[in-house]
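Here is the structure we will look at.
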Number of protein chains: 2
Amino acid sequence: MKKYMEILRSCPLFDGIGNENLTSMLACLGGRTAFFSKKETVIAEGSEADCIGIVLSGTLQIEMNDYFGNRTILGTASPSELFGEAFACADLKAIPVNVVAVRDSEVLFIEKQRIAHPCSNACDFHRRIIYNLLKIVAEKNLMLQQKAQITAKRTTREKLTAYLLSQAKRNNSHSFDIPFNRQELADFLQVDRSGLSAEISKMKKEGIINCRKNHFELL
Amino acid sequence: MKKYMEILRSCPLFDGIGNENLTSMLACLGGRTAFFSKKETVIAEGSEADCIGIVLSGTLQIEMNDYFGNRTILGTASPSELFGEAFACADLKAIPVNVVAVRDSEVLFIEKQRIAHPCSNACDFHRRIIYNLLKIVAEKNLMLQQKAQITAKRTTREKLTAYLLSQAKRNNSHSFDIPFNRQELADFLQVDRSGLSAEISKMKKEGIINCRKNHFELL
DNA sequence: GAATGTATGTTGAAAATTCAACAAAAAGGA
DNA sequence: TCCTTTTTGTTGAATTTTCAACATACATTC
């Protein structure tokens with residue numbers, strides 16, 4: 001755990017908790033780390049929502065699959081980010097999504113009970129954590145709304161443009177990497193992969209964008 | 001306010017707060033009621049996110065509009081339900097949506113500061129309210145994910161079917177009312193209105209569904 | 001109850017997506 | 001390095017959506 005203290009310090013769940021207190025806080029919260037190889041399932045649809053996850057290394061993807069096998073990517077989780085917190089906080093019986101590791105990843109699981117019920121020591125920080133959690137869940141809400149705004153567009157080009165603009169804004173630059181390959185981007189934008197490839201090519205030819213693999217540039 | 005005590009008692013924000021305590025709690029939280037006529041804007045995009053709203057009567061709709069005027073309906077809020085809580089909890093400067101009254105509505109606004117900062121009296125219940133709020137925001141998260149699952153479908157028929165099935169499940173019946181007219185349903189499902197009407201007609205002819213206005217029946 | 005406005009249904013043409021199949025390029029492993 | 005696998009790009013046909021225009025049904029108001 002020592003080697004991931006830096007990650008945990010920057011985890012929004014522990015905002016406002018001093019370095020000294022973080023260690024005791026972590027001891028109090030318990031938690032177990034787990035390693036997942038690339039493509040391995042971190043949380044399977046239908047499993048119990050009793051834990052909140054924190055990404056320590058690697059990248060996770062939150063996906064939904066209908067029963068025709070069509071995938072929808074809801075989002076990604078990078079080091080120091082949380083996942084599964086909404087299901088835990090909503091007291092859901094069964095988790096309705098799949099979480100998979102896009103690359104080798106390490107994860108810290110904390111039981112929601114440990115967060116919900118204040119402990120005897122360190123209780124001052126406990127309240128802070130609840131507030132942080134509330135903010136995190138609310139912010140994830142906004143991300144989902146932003147995704148809705150993107151996928152609400154009716155054409156592949158409009159969706160792609162809206163997404164790229166949001167990424168450029170987020171990175172404060174016209175040049176940035178996206179966390180998706182082509183198939184994943186298509187599953188995020190909810191469009192056909194081949195159609196997406198075609199649209200990207202067309203926009204390149206028109207001189208609107210430039211890209212190579214997952215690096216994009218708005219011109 | 002007296003006339004709306006029943007509504008407030010069933011508001012999930014006050015879950016676990018006894019009747020006697022609710023009155024003092026409300027006094028402590030402050031808040032102001034406001035009336036909105038049908039079609040009036042309750043919260044305009046860009047305004048400050050310093051309040052949480054509770055619907056006392058009527059129905060509200062949460063919408064987003066891009067700058068071509070295309071509307072996306074994110075959801076509705078009925079009596080005893082909250083709105084705007086995600087923006088307040090995420091400490092957003094500007095609200096990114098419009099909230100409009102679909103019919104004459106009354107609303108109770110509570111400043112987020114009053115909720116975030118514990119008061120001197122009634123503090124036991126204050127903590128309960130924070131937990132309730134966390135659960136509400138998390139549940140709204142799930143609703144957005146469910147909406148994503150519906151709009152992820154590629155054809156109008158698939159979207160409509162997925163939506164109707166979710167409503168049937170929610171109502172525990174094959175026969176139910178939906179909170180949308182045709183245009184609103186189209187804006188929720190993110191499809192063309194005329195195409196939606198055509199699809200509904202076709203499904204009626206095929207004997208799959210039956211409907212009249214906003215009442216639907218799955219056969 | 002007549003008139004006006006709004007909501008819904010219908011249609012056909014244009015545009016866009018999806019689908020399937022394959023080619024080319026890149027990545028990974030032996 | 002060679003071979004295999006995965007990813008990405010390309011294409012054309014079929015399907016579906018969108019768009020515009022109009023007809024009809026329903027509501028509301030005076």
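This structure is a prediction, so every number in the text was calculated from the model and none was measured. Side chains included, hydrogens not; waters and symmetry mates left out as well; all remaining heavy atoms used. Note on naming: letters A, B, ... go to the chains in the order of the sequence lines (proteins, then strands), and numbering restarts at 1 for each one.
Contact annotation: the side chain of I110(B) approaches that of I54(B) to within less than 4.5 Å [non-hydrogen atoms, C-beta and beyond]. In this structure, the side chains of Q145(A) and L74(B) come closer than 4.5 Å at one or more pairs of heavy atoms.
Chain A approaches DNA chain C within less than 4.0 angstrom (heavy atoms of the protein), and the contacting nucleotides run 5' to 3' from dA16(C) to dA27(C).
Within the 3.5 Å criterion, the main-chain N or O of Q183(A) finds a donor-acceptor partner in the side chain of N181(A). With K159(A) contributing its side chain and Q190(A) its backbone, the two residues share a donor-acceptor pair below 3.5 Å. Checking side-chain atoms of N210(A) against main-chain N and O of E217(A) turns up no donor-acceptor pair under 3.5 Å.
Between R154(A) and the phosphate of dT18(D), there is a side-chain N or O to OP1/OP2 separation shorter than 4.0 Å.
Between the CZ atom of R182(B) and the P atom of dA27(D) there is a distance of 13 Å, rounded to whole Å. Put simply, CD on E184(A) is 8 Å from P on dT7(D), counting in whole angstrom units. dT18(D) atom P lies 11 Å from atom CD of E158(A), rounded to whole Å. One atom, NZ of K38(A), and another, P of dT5(D), lie 16 Å apart when rounded to the nearest Å. Distance, D192(A) CG to dT10(D) P: 15 Å, rounded to whole Å. Per the geometry, CG belonging to L196(A) stands 10 Å off P belonging to dT8(D), to the nearest Å. The nearest whole Å value for the distance from the CD atom in E199(B) to the P atom in dT15(D) is 15 Å. In this structure, CG of N181(A) is placed 6 Å from P of dT7(D), rounded to the nearest angstrom.
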Candidate pair L189(A) and Y163(A), rule side chain to side chain contact (heavy atoms under 4.5 Å, CB included), full reasoning
CA-CA 8 Å; L189(A) 298 180; Y163(A) 174 71; 3.7 Å; yes

Can you check salt bridge (charged side-chain N to carboxylate O under 4.0 Å, His left out) on E206(B) and R157(B), steps first, answer last?
CA-CA 13 Å; E206(B) 292 178 24; R157(B) 173 176 293 220; 2.9 Å; yes

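Using a 4.0 Å heavy-atom criterion, one finds that S194(A) contacts the bases of the nucleic acid, with or without backbone contacts as well. S197(B) comes within 4.0 angstrom of a nucleotide base, judged by non-hydrogen atoms across all strands. Counting non-hydrogen atoms under 4.0 angstrom, T155(B) reaches the backbone sugars and phosphates but no base.
For R157(A) and Q183(B), each mapped to the nucleotide of DNA chain C holding its nearest heavy atom, the one lying further toward the 5' end belongs to Q183(B).
Less than 4.0 Å separates DNA chain D from no heavy atom of any residue of residues 208-219 of chain A.
A side chain to side chain contact (heavy atoms under 4.5 Å, CB included) with L108(A) is found for exactly one of L82(A), I7(A), L8(A), namely L8(A).
Using a 4.0 Å cut-off between charged nitrogen and carboxylate oxygen, K135(B) and D15(B) do not count as a salt-bridge pair.
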